[in-house]
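Structure, as structure tokens:
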Amino acid sequence: MNTEGLVEVVLPGTVEPEELQIRRGGAVPVPGPGQVVIKMEATGVSFAEQQMRRGRYYDQPPFPFVPGYDLVGTVEAIGEGVKPGLAGTRVAALIKVGGWANYVVVDAADVVEVPDGIAAAEAETLVINGITAWQMLHRKARVRAGQTVVVHGANGGVGSVLVQLAHAAGAKVIGTASTRHHAALWEQGATPVDYRAGNVAARIRELAPGGVAAVFDHVGGRGISDSWRLLAPGGTLVSYGSASTRDDQGSKQWPVLKLLGRVWLWNTLPNRRHACFYNVWAGRALAMNRFRARLRADLTQVFAALQRGDITPKIAAELPLTRVADALRLAESGTVAGKVVLTP
């Protein structure tokens, strides 16, 4: 198959980026029945891995493990029962852990073919970020043309895709970001608001005095109440993270449980507004086939949007896997727009 052997990045515990371990020379994995081996061409640094290295991702595995939430690559080998046509195909996969390696074993049912003409790094920016944005916009908030939505962190990995997909759907977009990202947001058809300028909610109310149809909030914490109050009757708050608690100590479950409790409480109120907590893995344990079909359909839609020009992939930087510490530092710095991509 190859002569280079396995190269993977191991997260040994709650460590600084420089303490990640590069493990080399292991045997390249062999696919079992229903599995494929993907030769990785691009993986990336998501917010999930930033939380995992702090031991704060909601359901991360015990240390040590190989992080890597998603990847894009070519099917190098197929196991028994896998359709032969998959060999040699470029695919994307959402896997939660294991992607920071040059060869990765994945269930064949979890791979989605990447259309010709899309580069691996471009596709990688849209796997977890694209699926998340598409499902929140179209499955949770069901945003329609003419509505106004708020995207917090509009320059981030998920936020930038959300802005572009919402604009393509005909929605008016208000995006919060620091001022250095405002020019890019104007170009994407969004109205930027500086989240550092104080009283962000008041500024958004000036732009949308009647309230908004949806707010997409990855920050959590105390500001989530402001997001709820921005909704117009019939509006939806989609909470999809607790970035504000990234560096907190203590229970990693508590911020999520607190959010879920608040969402439940708000949904009992008779004010025609709705709140939900989005988790890309919801439904997987109960209905695996349905989960996989939905994920495949939605990522296919995202790739089609890219081909139409509705989305411009935002690659913040491309670094080799062996420079994963630099990649993680860059992703955590808050100074870049888009996704930091790792290549073999």
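- Remark: the Glu41 side chain and the Thr74 side chain contain an N/O donor-acceptor pair separated by less than 3.5 Å.
- Paired with Tyr240 under the rule side chain to side chain contact (heavy atoms under 4.5 Å, CB included), one option of His218, His152, Lys140, Gln135 passes, and it is His218.
- Linking Ile, Leu, Val, Met, Phe, Trp and Tyr whenever their side-chain heavy atoms come within less than 4.5 Å leaves Ile315 and Ile131 in two separate clusters.
- No continuous path of ILVMFWY side-chain contacts below 4.5 Å connects Val341 to Ile95, so the two sit in separate hydrophobic clusters.
- Paired with Asp110 under the rule salt bridge (Lys or Arg N to Asp or Glu O under 4.0 Å), one option of Arg284, Lys96, Arg296 passes, and it is Arg284.
- Counting heavy atoms of neighbouring residues, nucleotides and ligands inside a 6.0 Å radius, atom CZ of Arg139 exceeds 12 of them.
- Arg180 is linked by a salt bridge (Lys or Arg N to Asp or Glu O under 4.0 Å) to nothing, counting only residues two or more places apart in sequence or in another chain.
- No more than 12 heavy atoms of other residues, nucleotides or ligands sit less than 6.0 Å from atom CD of Glu80.
- Asn155 and Ala177 make their closest contact through OD1-CB, 3.6 Å (heavy atoms, listed as atom of the first residue, atom of the second, distance).
- Within 6.0 Å of atom CH2 in Trp264, 12 or fewer heavy atoms from other residues, nucleotides or ligands are found, so the atom counts as exposed in its surroundings.
- Using modelled atom types, no side-chain atom of Asn267 and backbone atom of His274 make a donor-acceptor pair closer than 3.5 Å.
- Rounding to the nearest 0.5 Å places CD of Glu18 at 8.5 Å from CG of Leu328.
- When each of Thr89, Ile78, Val104 is paired with Val36, the side chain to side chain contact (heavy atoms under 4.5 Å, CB included) condition holds for Ile78 and for no other.
- With rounding to the nearest 0.5 angstrom, the CZ atom of Arg323 is 9.5 Å from the CG atom of Leu330.
- To the nearest 0.5 Å, atom CH2 of residue Trp134 and atom CG of residue Asn129 are 15.5 Å apart.
- In this structure, CD1 on Ile128 lies 5.0 Å from CG on Leu94, to the nearest 0.5 angstrom.
- In this pair, Trp281 and Phe291 present their aromatic rings parallel. The plane angle is below 30°, not in the 30 to 60° band.
- Of all heavy-atom pairs between Leu321 and Val7, the closest is CD2-O, 4.0 Å.
- One distance of note links CD of Glu49 with CZ of Arg54; it measures 12.0 Å at 0.5 Å rounding.
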